[in-house]
Amino acid sequence: MALNAAEEETVEAIKKWWDENGKQLVLMIMVVMAGYGGWFLWQNVRLASADAASDLYEEILSIAAVTEGVTVNAADGARVLELADELRAEHGGSIYALFASLFDAQQAVRVNDLEAAESSLQWILDNQQTGFFKQTDGGLILTTQLRMGRVILARGDAERALILVNNVNPVSYEPGFAELRGDIYFALGRIVDAREAYVAAQQAGSNSDALRMKLDNLSDES
């Protein structure tokens, strides 16, 4: 059927528009589809990575999260170190890598490798997330700093441990930090300061037998 004049003008207008814009439209659609496909692929990769990191961390928990008083054997301890290394290497941006490093440091302390323990704890502090939308849990950081102070003191560097402790706002972790401060002062021979720190730990809520023994020992030295 023949086209009337109006229809012919419409067809010609469409052809002209296609000649001028058709290729750009196709390219735009391809870019959008490629972007969507890339985003979808990235999401799948991200989820797969999170699942893999979670599996590694669960294996660490199954080994290291033992009942108090139970000792992890040498083979299992070595496996924890291996898994933590893998998490840091392949999933270093995940929260699992941060928590795994706590267990890593714990096992290093168990075998008296204090240098490795400090290195693992420092890794947590160096890799914490500080962005507006994504921040590492403050409790994890305070736990790390508390353990770091203990490790540094155990390595015989009481002055450096004191600097660390004095630059931390312990908030709800005050009992632990106050007791550690007392241990540091005791190591430095500052007995009066040590006693005050231990009393502060008690006042902050610590009622441990170990803390009472430390205060009793200071009384014996008076």
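These numbers come from a predicted model, not from an experiment.
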J.: Name all residues meeting the salt bridge (Lys or Arg N to Asp or Glu O under 4.0 Å) criterion together with Arg88; count only those two or more places apart in sequence or in a different chain, and write none if there are none.
T.: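 Per chain and number, Arg88 pairs via salt bridge (Lys or Arg N to Asp or Glu O under 4.0 Å) with Asp85, Asp104.
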
J.: According to a hydrophobic-cluster definition based on side-chain heavy atoms being under 4.5 Å apart (Ile, Leu, Val, Met, Phe, Trp, Tyr only), do Phe103 and Met148 belong together?
T.: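 The answer is yes; both residues are in one hydrophobic cluster.
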
J.: Strictly below 4.0 Å, N to O, side chains only: are Asp183 and Lys214 in salt-bridge contact?
T.: yes

J.: Any side-chain heavy-atom pair from Asp193 and Ile191 closer than 4.5 angstrom?
T.: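 SC-SC contact between Asp193 and Ile191 ruled out.
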
J.: How many angstroms lie between atom CZ of Arg150 and atom CD of Glu179, to the nearest 0.5 angstrom?
T.: 7.0 Å

J.: Might you point out which heavy atoms bring Leu142 and Pro170 nearest each other, and give the distance in Å?
T.: CD1-O, 3.7 Å

J.: Do Ser119 side-chain atoms and Ala116 backbone N/O form a donor-acceptor pair below 3.5 Å?
T.: no

J.: Under a 4.5 Å side-chain heavy-atom rule over Ile, Leu, Val, Met, Phe, Trp and Tyr, are Ile163 and Val165 clustered together?
T.: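 Each belongs to a different hydrophobic cluster.
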
J.: For Ala194, enumerate each residue passing the side-chain contact (heavy atoms from CB on, under 4.5 Å) test, keeping only those at least two apart in sequence or located in another chain.
T.: Tyr185, Phe186, Tyr198, Leu218

J.: Could you tell me whether the side chain of Arg181 reaches within less than 4.5 Å of the side chain of Asn166, counting heavy atoms only?
T.: yes

J.: Can you check side-chain contact (heavy atoms from CB on, under 4.5 Å) on Leu140 and Thr144, steps first, answer last?
T.: CA-CA 6 Å; Leu140 170 60; Thr144 300; 4.0 Å; yes

J.: Taking the side chain as C-beta and beyond, is there a heavy-atom pair between Trp123 and Leu98 under 4.5 Å?
T.: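 Yes - at least one pair of side-chain heavy atoms lies under 4.5 Å apart.
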
